[in-house]
Amino acid sequence: MQVSSQDIEWMTRALRLAARGLYTTTPNPRVGCVIVNHGQVVGEGAHLKAGEPHAEVHALRAAGEQARGATAYVTLEPCSHFGRTPPCADALVNAGVSRVVVAMQDPNPLVAGNGIARLQAQGIAVTVGVCEAQALALNPGFVLRMTQQRPYVRLKVAASLDGRTALANGDSQWITSAAARRDVHHWRAQSCAIITGIASILKDDSSLTVREVKTPRQPLRVIVDSQLRIPIDAKVLQDGNALVAYAQGDAAKLEVLQVMGVRTLHAPNTTVPGTQAQVDLAVLMQALTALPCNEVLIEAGATLSGAFLQSGLVDELLLYYAPKLMGHTARGMFALPELTQMSAVRDLHILDVRQFGQDLRIQAKL
């Protein structure tokens with residue numbers, strides 16, 4: 001594959017454009033496009049919202065006749081099917097571009113190489129794989145939903161340096177600084193859904209909304225509430241943009257929730273006789289995939305966080321550490337079974353370490 005420094009430069013610009021849709025494009029992928037003719041940008045654009053024109057269309061409109069004979073840099077393979085909008089591959093052909101540089105092939109089975117093939121069939125030179133890793137990193141949820149039928153799941157925890165999330169009496173506000181808490185809203189804003197447990201709602205009555213980032217879209221709030229204990233007046237339910245996953249509960253409360261516009265999901269798992277039914281987390285993830293959700297953020301206590309880790313449903317950890325020591329009687333980060341051999345310990349791959357005020361954020365993959 002012949003890739004020039006100019007190709008990398010223009011694709012990097014297209015990736016920056018794609019990132020403009022970080023909070024708004026779901027469930028569609030984040031895509032940017034730059035059209036270059038004789039070394040000059042003649043048009044560029046980004047896909048910002050599902051149902052609106054794709055990045056290539058914005059860029060072609062800006063380029064006009066200057067698109068003829070130009071090179072188009074696109075962060076994702078141009079679509080080749082009719083959805084809410086016509087195929088972008090056809091738009092590029094009709095505009096007369098001579099070359100298309102693509103960062104990554106579209107994992108959507110409706111495209112999956114067909115867009116590239118359509119361009120090549122019309123005599124357009126196509127280069128694939130320029131800045132591919134960066135393009136993949138921009139759309140982890142879309143890629144997973146298309147290839148493995150599940151969302152990309154991040155688990156966020158705020159803790160002291162000795163790994164404690166609350167005092168023994170439950171007091172936890174605030175462990176981390178305002179700067180670290182503002183950063184969490186960035187992850188909320190790019191998520192399709194935020195998951196928490198009923199214990200957190202009963203304790204804090206949090207709304208789980210995005211407040212520190214300007215965005216026209218609020219993520220769906222999901223409450224894992226096995227016994228349907230959630231109060232009807234809980235803040236998280238008040239705008240109706242919520243889903244309550246339960247295993248068993250009162251029919252009258254269910255009816256009230258549904259009248260309020262709250263989604264409900266009956267998802268009991270198999271239980272040991274004599275124990276209360278719990279929510280089947282795998283079934284919950286299937287439901288979120290179907291909505292569809294690309295990226296999910298978990299903000300929960302040690303019990304639910306541990307259950308997600310044990311279920312193998314977590315892709316990435318966002319660990320915020322404050323320079324505090326809370327002692328061995330304080331509550332831990334994850335409720336996990338005791339291990340007796342180091343060979344059973346889970347290894348993490350650290351992606352990024354960043355400081356917010358005096359706090360550290362460690363981003364790690366499982």
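For the single chain, residues carry numbers from 1 onward in sequence order. Values in this document were obtained by computation on a predicted structure and should not be read as measured data.
Here the closest heavy-atom approach between residue L92 and residue P78 is recorded as CD1-CG, 3.6 Å. Between G32 and L17, the shortest heavy-atom distance links the atoms CA-CB, 4.2 Å. Shortest non-hydrogen contact noted between A89 and R118 is CB-CD, 4.1 Å. In this structure, S226 and Q278 approach most closely via the heavy-atom pair OG-OE1, 3.2 Å. Scanning all heavy atoms of the two residues, the minimum distance from P151 to M285 falls at CG-SD, 3.9 Å. P231 and L202 get closest at one heavy-atom pair: CD-CD2, 3.7 Å.
When each of I35, V41, V130 is tested with W10 by the rule side chain to side chain contact (heavy atoms under 4.5 Å, CB included), just one qualifies, namely V41.
A heavy-atom distance below 4.5 Å is not found between the side chains of S206 and K235. L228 places a side-chain heavy atom less than 4.5 Å from the side chain of L257. Side-chain contact between M104 and V143: present, with at least one pair of heavy atoms (C-beta onward) separated by less than 4.5 Å. Within the 4.5 Å cutoff, the side chain of I194 has no heavy atoms near those of the W187 side chain. Here the side chains of P216 and K49 are not in contact, with every heavy-atom distance at 4.5 Å or above. Between C131 and D7 there is no side-chain heavy-atom pair separated by less than 4.5 Å. By the 4.5 Å heavy-atom criterion applied to side chains, V184 and L318 are not counted as neighbours. Inter-residue side-chain proximity for E52 and N28 is flagged as unmet; no heavy-atom pair is nearer than 4.5 Å.
In terms of hydrophobic clustering, with Ile, Leu, Val, Met, Phe, Trp and Tyr side chains grouped at heavy-atom distances under 4.5 Å, Y152 and L366 are assigned to different clusters. A chain of hydrophobic side-chain contacts below 4.5 Å, direct or via other Ile, Leu, Val, Met, Phe, Trp or Tyr residues, connects Y321 to F334. Cluster membership check: V222 does not share its hydrophobic cluster with L237, using side-chain heavy-atom separations under 4.5 Å among Ile, Leu, Val, Met, Phe, Trp and Tyr. Residues L254 and I198 share a single hydrophobic cluster, defined by chaining ILVMFWY side chains whose heavy atoms lie under 4.5 Å apart.
The environment of Q173 atom CD is dense: over 12 non-hydrogen atoms of other residues, nucleotides or ligands sit within 6.0 angstrom. Counting non-hydrogen atoms of neighbouring residues, nucleotides and ligands closer than 6.0 angstrom, the CD atom of Q358 reaches no more than 12 such neighbours.
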Would you tabulate the side-chain donor-acceptor contacts of residues 244-252 under 3.5 Å, counting partners in other chains and residues two or more places apart, or write 'none'?
residue	atom	partner	partner atom	Å
Q248	NE2	Q227	OE1	2.7
D250	OD2	A252	N	3.2
D250	OD2	K253	N	2.9

Which donor-acceptor pairs under 3.5 Å do side chains of residues 293-310 form with protein atoms, sequence neighbours excluded?
residue	atom	partner	partner atom	Å
N294	OD1	R145	NE	2.6
N294	OD1	R145	NH2	3.2
N294	ND2	P27	O	3.0
E295	OE1	R154	NH1	2.7
E295	OE1	Q190	NE2	3.0
E295	OE2	R30	NH1	2.7
E295	OE2	R30	NH2	3.2
E299	OE1	R188	NH2	3.2
E299	OE2	R188	NE	2.8
S305	OG	A300	O	3.4
S305	OG	G301	O	2.9

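Atoms CG and OG1, on D239 and T209 in that order, are 8.5 Å from each other to the nearest 0.5 Å. Expressed to the nearest 0.5 Å, how far OH of Y23 lies from CD of Q218 amounts to 12.5 Å. Distance check, rounded to the nearest 0.5 Å: CG of N139 to OG1 of T25 gives 6.5 Å. In this structure, OG1 in T196 is found 10.5 Å from NZ in K203, a value given to the nearest 0.5 Å. Note: M11 CE to R13 CZ = 13.5 Å, rounded to the nearest 0.5 Å. Of the inter-residue distances, the one linking I124 atom CD1 with T71 atom OG1 reads 10.5 Å to the nearest 0.5 angstrom.
The salt bridge (charged side-chain N to carboxylate O under 4.0 Å, His left out) test applied to R361 returns D183, D352, not counting sequence neighbours.
Salt bridge R181/D359: absent, no basic N to carboxylate O contact under 4.0 Å.
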Under the side chain to side chain contact (heavy atoms under 4.5 Å, CB included) criterion, do L76 and H47 qualify, and how do the steps go?
CA-CA 11 Å; L76 184 72; H47 180 47; over 6 Å; no
I'd like to know whether R346 forms a side chain to side chain contact (heavy atoms under 4.5 Å, CB included) with L336, so could you lay out the CA-CA distance, the side-chain angles of the two residues, the decisive distance to 0.1 Å, and finally the verdict.
CA-CA 11 Å; R346 294 286 298 274; L336 295 170; over 6 Å; no
Please evaluate residues D315 and R150 with respect to the criterion side chain to side chain contact (heavy atoms under 4.5 Å, CB included), reporting the C-alpha separation (whole Å), side-chain torsions for both, the decisive distance (0.1 Å), and the verdict.
CA-CA 11 Å; D315 297 289; R150 67 178 184 86; 2.8 Å; yes
Could you walk me through whether L317 and I362 pass the side chain to side chain contact (heavy atoms under 4.5 Å, CB included) check?
CA-CA 8 Å; L317 296 174; I362 297 177; over 6 Å; no
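Of the possible donor and acceptor atoms, one in the side chain of D225 sits under 3.5 Å from a partner among the backbone N and O of R229.
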